[in-house]
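A short write-up of the structure that comes next.
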Protein chains: 2
Amino acid sequence: MGVHFHKAKQNRIYQDVVEQIQNAILDGQIVPGDKLPPERELCEMFQASRGTLREALRILEQKSLIEIRLGMNGGAYVKDANAELMAENLAILIQSQNVSLRHLAEFREVVEGAVAELAAVRATATDKRKLADLIGQAAGYREQGPHLWDKFVHMDEKIHIELACVAGNPLYRFIHHSIHKNIHRYYDTLLIVGKDEMEENFRDLSAIVDAVVTGDAERAKRCAADHVRRFSAYMEQKKRHTPDR
Amino acid sequence: MGVHFHKAKQNRIYQDVVEQIQNAILDGQIVPGDKLPPERELCEMFQASRGTLREALRILEQKSLIEIRLGMNGGAYVKDANAELMAENLAILIQSQNVSLRHLAEFREVVEGAVAELAAVRATATDKRKLADLIGQAAGYREQGPHLWDKFVHMDEKIHIELACVAGNPLYRFIHHSIHKNIHRYYDTLLIVGKDEMEENFRDLSAIVDAVVTGDAERAKRCAADHVRRFSAYMEQKKRHTPDR
DNA sequence: AGTCTGAAATGGTTAAACCATTATAGACTA
DNA sequence: TAGTCTATAATGGTTTAACCATTTCAGACT
């Protein structure tokens, strides 16, 4: 690998090491999938001890910039998915009780609305076909009865992701991912889908996609926001009947 | 399906240390301002070596859960400002060129709109007085000429923060903080405020606050979104005239 | 009363050794 | 020949013990 590191300076050496490697990654000198040299070699490059170097690696790992694998062929691999960090952050905010489920729902209403609106404006013919296809699959699972209902739930997720992609602003993808990851554990216990809920959910999704395909941004926004509102209300209600977690 | 297990690896002592300390913090067993014992004592408690323990501390520090100070009376102090993380995170997304300034502006338009809307609905009498007061201060700085213009710019910031607080959803505070921190370095070089820009900015702010005070949520949303749009357009324009960064 | 100084507390760094996990090549077996 | 076992080597994980650097503060000295 052709990247040149210079001797680590500064008071806190590990910080300097972090910065050098981080810059190399963010500048594209090292790309996702690449492997950094083994720790012992990095030590020589940076003229630092292994302990210090490992503290730097821990920080980079926590920033989701690298992933460290064990064993032969192990080492520090440069990662791609920057979305993980946001999810982790959000998790901490929630756990420290600064942000409640209700806050999250309120925010999600706005975000999903904006996503649907943008998607309606920006969807290409290909995007529209893809969305219609996803709705078709969901319809299929819906009809085939209870044993495929969890597949249906999964489609809901896929449709939301697709909408975020169509919207064309990566921030929305990241945010959606973060929220979903954090809300997921509530799904598992609270979201026991009955036929009625599924039908309603399907109607909501169809309405959103229909509005997007039609290019009716205003309606898309309204439908998406309504969808989230109904869904959140449903979750709140379930939660009240499932005492204390 | 539904349930997600993760590999049950006992190894990686530092992870275990991180979890124990993090839980203690998030559960409130240790509160912000508290100091953890010195490294050497923690080593004994966890029965781990200092190197391992320090790797754990680096992770907690990167998570903004603790802050480490040097010298006598130094050590690991528990922090409470969780907003830093999100900012750091967003910075990485931007620097890795996954998110552009334009994306950020587009998102901000939606967010500031939602904040103003919520604020209009939820503002108490006290909130309204506070907002009116801030606008008053801004008006004062505006009139007293160029030497106070940077104070005026600062007021703009304060008003946005206050709106986010009034909106009553902490997520918006965190998001605003993140965006602001990341957009700030552009301010410094691009935002040379002339009298016209300041006047326009002041009109925008007044309009937003007026709508909020009046309780006109719809208008507040529109004014805030317009404000961000104008501001972003102004920045884009400046940027084109300031070749390459 | 003010200033200097040095000791103590604490994090930062180093070095060398050993343990644990994993991929793989090559030996062994069916 | 095909499959399976095994030894080996590459690499991260952990320990230990020592020393360096920074900061505070009590007490000495103006």
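First the proteins, then the strands, lettered A, B, ... as listed; each starts at 1. Quick caveat: nothing in here was measured; it's all calculated off a predicted structure.
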So that I can tick it off, tell me whether A:R122 and B:E106 are bridged by a salt bridge, with the cut-off set at under 4.0 angstrom between side-chain N and carboxylate O.
yes

Here the distance between atom C1' of C:dA20 and atom OH of B:Y14, to the nearest Å, is 14 Å

In whole angstroms, the gap separating P of C:dG11 from CZ of B:R50 amounts to 7 Å

Picking from D:dG13, C:dT14, C:dT10, the nucleotide nearest the side-chain atoms of A:T52 would be C:dT14

Distance only, no hydrogens: is a donor on one side chain within 3.5 Å (strictly under) of an acceptor on the other, for A:Q62 and B:K63?
no

Modelled atom types, side-chain donor and acceptor of A:Q20 and A:D16, under 3.5 Å = yes

Among the nucleotides C:dG11, D:dG13, D:dG12, whichever has the atom closest to the side chain of B:I68 is C:dG11

Which of B:L163, B:V166, B:V110, B:I175 passes side chain to side chain contact (heavy atoms under 4.5 Å, CB included) with B:V115? It is B:L163

Quick note, B:K35 side chain, CB onward, closest among D:dT14, C:dG12, C:dT10 is C:dT10

Here the distance between atom C1' of C:dG11 and atom CG of B:L60, to the nearest Å, is 16 Å

Whole-Å distance, A:E67 CD to D:dG12 C1', equals 13 Å

At 4.0 Å (heavy atoms only), tell me whether B:R69 reaches a base, stays on the sugar-phosphate, or touches nothing.
sugar-phosphate

- Message: Using a 4.0 Å heavy-atom cut-off, does A:L57 contact any base of the nucleic acid, only the sugar-phosphate backbone, or nothing at all?
- Response: nothing

Worksheet entry | B:E67 bridged to B:R69 by N-O distance under 4.0 Å | yes

Here the distance between atom P of D:dT14 and atom CG of B:D16, to the nearest Å, is 10 Å

Under 3.5 Å, which N/O atoms of the protein pair with N/O atoms of nucleotides 20-28 of chain D?
unit_1 : atom_1 : unit_2 : atom_2 : d
D:dT23 : O2     : B:M72  : N      : 3.1

From CD1 of A:I13 across to C1' of D:dC19 the rounded distance in Å is 14 Å

Rounded to whole Å, CG of A:L53 lies from P of C:dT14 at a distance of 10 Å

*Ignoring hydrogens and angles, answer whether the base of D:dG12 and the side-chain atoms of B:R12 contain a donor-acceptor pair closer than 3.5 Å.*
no

Exercise. May I ask you to decide whether B:E61 forms a salt bridge with B:R58, counting only side-chain N to carboxylate O separations under 4.0 Å?
Key: yes

* Can you check whether B:P32 reaches B:K79 side chain to side chain, under 4.5 Å on heavy atoms? -> no

Whole-Å distance, A:R54 CZ to C:dT13 C1', equals 15 Å

